[in-house]
Amino acid sequence: MDRLKILVVDDESRMRKLVRDFLVKSNFEVLEAADGEEAVEIFFNQKDIALIVLDVMMPKMDGWQVCREIRNYSKIPIIMLTAKSDERDELQGFQLGVDEYISKPFSPKILVARIEAILRRTNQLNRDEIISCGGISIDKAAHQVLIDGKPVELSYKEFELLTYFIENKGIALSREKILNNVWNYDYFGDARTIDTHVKKLRSKMGEKGDMIKTIWGMGYKLEEE
């Protein structure tokens with residue numbers, strides 16, 4: 001699959017480099033703009049940009065103006081970055097059609113996760129959308145789980161947890177590793193919360209719940225029956 005293009009707009013070169021480095025590691029192509037006018041110019045010259053990461057406070061043309069200009073022509077996903085955490089700014093962003101609103105400082109890993117989630121939602125990111133193992137089928141785009149052909153209702157975290165187990169079947173996963181991947185590096189509570197989620201997940205999976213093995217003192221592993 002061709003790499004999707006992300007336009008990163010920020011007047012701080014250090015911030016652009018930070019975001020670019022993480023996006024490139026995740027196999028995205030990155031375009032950069034140092035101000036609002038340059039961003040609009042790049043947007044109209046490059047017809048295949050998948051998403052825009054847009055800072056609010058910039059010279060020449062601020063993020064709000066850029067967003068208004070682009071929204072006149074396109075519904076391309078836009079993530080706004082701002083140093084402010086003012087609710088009015090956030091509301092203004094959503095009224096202008098912003099898809100996500102992230103306050104600085106932020107975790108680049110969280111930003112990448114948000115970008116990938118938006119691209120999946122808009123059907124631009126289709127990486128192994130349907131995965132299966134031992135009678136369990138997961139449709140990531142539709143957020144649906146089938147066990148032996150029958151739908152199973154899972155919470156968001158249970159769905160993410162089962163998906164992670166299947167994508168790493170046969171591999172022993174520590175609680176820390178599960179937290180880092182399923183909770184997107186943004187969870188600082190007791191790692192034992194995983195045990196609670198696994199217990200509920202096993203219960204909903206019925207007999208297939210036995211596929212999730214406990215590795216005592218470490219974590220869990222999913223094994224195909």
- [ ] Kindly work out whether a path of hydrophobic side-chain contacts (I/L/V/M/F/W/Y, heavy atoms less than 4.5 Å apart) joins I166 to L146.
- [x]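 Not linked; separate clusters.
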Open item on the list: In this structure, would I102 and I118 fall into the same cluster of hydrophobic residues linked by side-chain contacts under 4.5 Å?
Closed with: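 Yes; tracing contacts between hydrophobic side chains, which count when under 4.5 Å, links both residues.
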Strictly below 4.0 Å, N to O, side chains only: are [X] and [Y] in salt-bridge contact?
X    : Y    : answer
E153 : K204 : no
R20  : E32  : yes
K17  : D21  : yes
K104 : D10  : yes

Minimum-distance pair of heavy atoms, taken over all atoms of [X] and [Y]:
X    : Y    : answer
K213 : R202 : C-NH2, 3.7 Å
A39  : L7   : O-CD2, 3.8 Å
D11  : M57  : OD1-O, 3.5 Å
L54  : G63  : CD2-O, 3.4 Å
E116 : S26  : OE2-CB, 4.0 Å

Open item on the list: So if I apply the side-chain contact (heavy atoms from CB on, under 4.5 Å) rule between F159 and each of L201, V145, V152, which one comes out positive?
Closed with: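 Option passing the side-chain contact (heavy atoms from CB on, under 4.5 Å) with F159: V145.
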- [ ] Enumerate the residue pairs fulfilling side chain to side chain donor-acceptor pair (under 3.5 Å) with a member in residues 66-80, sequence neighbours excluded, ordered by first and then second residue.
- [x]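 For residues 66-80: R71-D99.
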TODO: With sequence neighbours excluded, give me every side chain to side chain donor-acceptor pair (under 3.5 Å) pair touching residues 33-42.
DONE: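 Side chain to side chain donor-acceptor pair (under 3.5 Å) check on residues 33-42 returns no pairs.
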Pairwise distance [atom1]([X]) to [atom2]([Y]) - rounded to 0.5 angstrom:
X    : Y    : atom1 : atom2 : answer
I212 : L162 : CD1   : CG    : 6.0 Å
E167 : E160 : CD    : CD    : 9.0 Å
K150 : S137 : NZ    : OG    : 15.5 Å
I110 : E100 : CD1   : CD    : 11.0 Å

- [ ] Could you give me the CA-CA distance, side-chain angles and deciding distance for V30 and V53, then say whether side chain to side chain contact (heavy atoms under 4.5 Å, CB included) is met?
- [x] CA-CA 10 Å; V30 179; V53 178; over 6 Å; no
TODO: Count the heavy atoms belonging to other residues, nucleotides or ligands that lie under 6.0 Å from NZ of K177, then report whether that count exceeds 12.
DONE: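 Not more than 12 within 6.0 Å, no.
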Task: side-chain hydrogen bond (donor to acceptor under 3.5 Å, both in side chains) involving E12 - partner list, sequence neighbours excluded - done: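 In terms of side-chain hydrogen bond (donor to acceptor under 3.5 Å, both in side chains), with neighbours along the sequence ignored, E12 is linked to R14.
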Open item on the list: Just so I know, are the side chains of I136 and M211 near enough to count as touching, which here means a heavy-atom distance under 4.5 Å?
Closed with: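 Yes, their side chains come closer than 4.5 Å.
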